[in-house]
Structures are given as C-alpha cells and as structure tokens.
Amino acid sequence: LSEHLNDVVAIAWAANGAFVVTGSLDNTLAIWDAQSWKLLRKLEGHTNDVTCLSISPEGDRIASGGADGLVRVWNAADGKQLSQREFGRDIRDVAFASDGARLAVAKEHPVLDLIPVNDEQAAPYSLRGHSAAIASVAFLPAGDQMLSASRDGSVKLWFTPSALTGPTPLPPGTTIQELHLADREHRYLAIASTLGTCGVFDTQKGQVVARIDNLGKTGLGGRLWGFTHDAAHLMFTGEDNRPKMLSLAGGKSVELKLKGAPFYPGFPNKQANVAIASTSGEIEIYDVATGNLVQSIPAAEPGTHNLPIFSPDDSKVVTVTLDKSESDITMFDGASTKRVWAAKYPAEASDAVFSEQGERVYVSGAVGVAVYDAANGTDITSQFHFPTMPLGAIAVSPGGARIVAELQDSELLVMDGATGHELMRIDRGTRSTEPLDHTGLFFNGDGKALRVVSNERLGLKTWDELRAFVWKNENFPG
C-alpha cells in the first residue's frame, strides 16, 4: 500500500472487515479495500500531519486528528467531510464510543475531551485527572467505560455519560450549591444552584424531568435531602425550612407537616415513606405521596440531633445522636415503635449504616468505627482492629468485604470488613480547612465503585466545570 507520500503513522480496520484506513504525515487519509487492497479513495483536508484515526463501530464514519489541531469526521462511503472541530493543540488520539455517537479526543494537554459526533457546536465534556498530556485513549467495546494513557505515567479508567446532548439541569455558568444522585444505578441527578433553583436530570434518557424554583438562595435555609429508595420522590426544604417531597412523575410537591424543624432524614429501603428526625425529639415517618404522618417514634430529648437509619427489610429503625460527647444508639421496632435495645458510642458520632443483611450496625465518629450486633445491641468492636481516628461518613460494601469512611482531611479510609485493618487511603484531590458538610458515601450494586456526595466540595464550582465530575464515578479497587 504505497499511495502515501510520507510516513504512515495511523491505521484502523473496519469492524466488518470490509476496509482499512491509513493516516499519513502527508496530511491525508486513504481508504483501502480489504479484499483486493486497492485504493478506494483519499481523504484530503488536514493542513498538517494526520496523527490518529478511528472508525465508528458501524463503519459509516471515520474520525481523524492532526497536528493542525483539528478533528475531522468523514463519511466512509463517499469520503466527504461531515464536520470538523478546532482544539488548538496537536491531536494525539481519537476513539469512537461503542454507540458511535460520541468521540473521545486526546490532545497535547492533560484534559481529555468527549464530544457528540453529530453536533459540532456542542461544548465538549472535559475530563480532568491527568497531570500531563494524554497520549492514547480507548473505549471498552461495549458500555461506557474508557481508558486514557498519559505522559504522567498513569492509565485512568473513566465512566462516561451515555448522552451528551439535550437540555441540562441548570444553565451554563450556574454556581452549584448541592448535588444528589438517586439509587445505585444513578438514574436521576438533582443539582441545586445558589440562585435557589434545582433541576432533576434523567441520566438514562438525557432529559430534565423536574424543577424546583423556590428552593431558596444560599444561606437562606433551602437544601436538598435526597431521593427515596425507588427514585420516585426527592426531599427538599425551601427558605421556610419546611420539608417537602417532589414527585418526579408529576412534578408536584407535598409538604410534610413536621412537628419541629428538620434535622436529618432517613429513607426506608422498601416502603414509600421518609423518616425525619426533628427538634421535637421524635422520628416522624411520612407517606411521601400524600404527606400524611404514618407514625412517630419518641427517640430522644427535644432539640437533640438524631440520624435515623432503616434495616434492609425496614423492620427496624436505629437512631444515632450526633451532638453528644457520648452518643446514644437506639433500635426501635418499625411496626410497634417499641424500643428494642440501647447502646452507647463512646464519643460524638458522625454517621451510621446497617450491613447488607442487617445483622450489624456500624457507627463512625470521633474515635473511629464501632460495630453493634443488631439483634441485641452488643458492642462487638473489640473483634476488629479498626484505626482509632476521627471519621465522617461511612459505607459498607455489598457482602461486607470493604468498609469506607471519610477522614477529616478529605481522604477516604478503606478498611477490611472482616478484620477492620486499614487497607488503603484514597486521595480525593481536595483539601479543606473548614469543617466538612454532611457527606454521603454509597457503593454501587457490585461494590466496585464508590459514589461520594459532599456539598462543601461543590460550593465554588459552576455547572460548566462540573459536567465531567457529575458523570464520573470514583474508580474503587475491589
């Protein structure tokens, strides 16, 4: 194959085996018949070296990148250019996603760009993480995972959005106040702005499904509290600090007639209810569709900050006081509301979670992790070797093999679920001298990815800067 006038530096074979494409330092691409090896056509347009190319999975389009800083998309059937995009730097690699609708672009820069193939006007989704120029990029043959290799000596795994077009939850440039993701499949994304508005985005369909226009501006009481287990409702409070439930199906909200001001909510795993700890000292459980009070649990003294959590089958409710030097851990029967047992955490607690099967309760706080037998409240922490240090939010992986908690310096502490020994620390890449806002840690269904939700981390970011972050799962080993 000798039609090129200079070095051939890129080559790709179409998935159907019908043709081969080559790219050369003579600024051109060539398409060859894979049976006869005859030249079918040349693609001319680059004004400098062609450095990389990729063929779409369907074989209908070809993407090429060059030293002219341009990425061009061509029609494979007739060789005509369909679109081009200027990046201003040498293009090092391009790769089509498995759906053929997205294209990853690696350039002479640490930022990796993801662009919709059919919309050359859409702004790229910029994925940040490398500290040096990216040399190569590749998609998993099926799915939304992507690998990038960089001159910083690292290879990174990315979880990329399946939809890059359509409306966005907030206008470009909007400053983010809070962010919440629904369920383990991340079906919905709720983003609140400092302007007092919130958009709820369907991550599978790429559509805005609901909005809240009266959330309240920064510092005036409005905030998001989270989704119900079935991702059908979103709890929020407005400037009046009254809790409301937004229906994602109908877009309407109902107010919960709470006896006191809300502290923390707890969401059952199976029922369409929400439990809210309030200044009344009671855990009030409401029907999220009607806003009606279902039952109350007299959990603590009025004014005490309590966190309610439900057992996996919703048959038990545990409350943890978060504002005492020695925290109360109390289990109640979900049906009768009678107290089953009470225990103590020997310091101020931060968070609590049930194990997947409901046989244990894990509590994190100022002296590390404590573990209680869910049947009788016995403290079984001595059976483990947990590090003794202040910890924030806590999560236990499905099956219990890993326990993760947040350290005060923003690192994530990973512990062995069987022994409690420290296994590793994950640096989240941020540091703060301010106290952390309430942070959530959530494993996905197979326990291989960890979702981190921290309001404090998002306060100075805009929607433009967060587009890549919104879609990124933390790569969590094991």
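- With contacts defined as side-chain heavy-atom distances shorter than 4.5 Å, the pair Glu422/Leu413 qualifies.
- Look at Lys259 and Glu284 and you find no salt bridge, because none of the NZ, NE, NH1 or NH2 atoms lies under 4.0 Å from a carboxylate O.
- Side-chain N/O atoms of Arg61 and Asn118 include a donor and acceptor closer than 3.5 Å.
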**Q.** Worked verdict on Ile394 versus Leu391 for side chain to side chain contact (heavy atoms under 4.5 Å, CB included)
**A.** CA-CA 8 Å; Ile394 187 171; Leu391 298 174; over 6 Å; no
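- In this structure, the side-chain hydrogen bond (donor to acceptor under 3.5 Å, both in side chains) partners of Trp225, at least two apart in sequence or on a different chain, are Thr237.
- Every pair passing salt bridge (Lys or Arg N to Asp or Glu O under 4.0 Å) that includes a residue from residues 330-348 is listed here, sequence neighbours excluded: Lys316-Asp333, Asp328-Lys344.
- Summarising the geometry, atom CG belonging to Asp351 is positioned 14.0 Å from atom OH belonging to Tyr362; distances are rounded to the nearest 0.5 Å.
- The minimum heavy-atom distance between Ala132 and Ser150, with the atom names listed, is O-OG, 3.0 Å.
- In this structure, Asp113 pairs ionically with Lys107, as a charged nitrogen and a carboxylate oxygen lie closer than 4.0 Å.
- By the 4.5 Å heavy-atom criterion applied to side chains, Leu112 and Val105 are not counted as neighbours.
- With sequence neighbours excluded, no residue forms a side-chain hydrogen bond (donor to acceptor under 3.5 Å, both in side chains) with Thr321.
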Q: Kindly indicate, with the supporting measurements, whether the criterion side chain to side chain contact (heavy atoms under 4.5 Å, CB included) is fulfilled by Val274 and Met245.
A: CA-CA 9 Å; Val274 60; Met245 300 301 302; 4.1 Å; yes
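- Summarising the geometry, atom CG belonging to Asn292 is positioned 9.5 Å from atom CG belonging to Leu256; distances are rounded to the nearest 0.5 Å.
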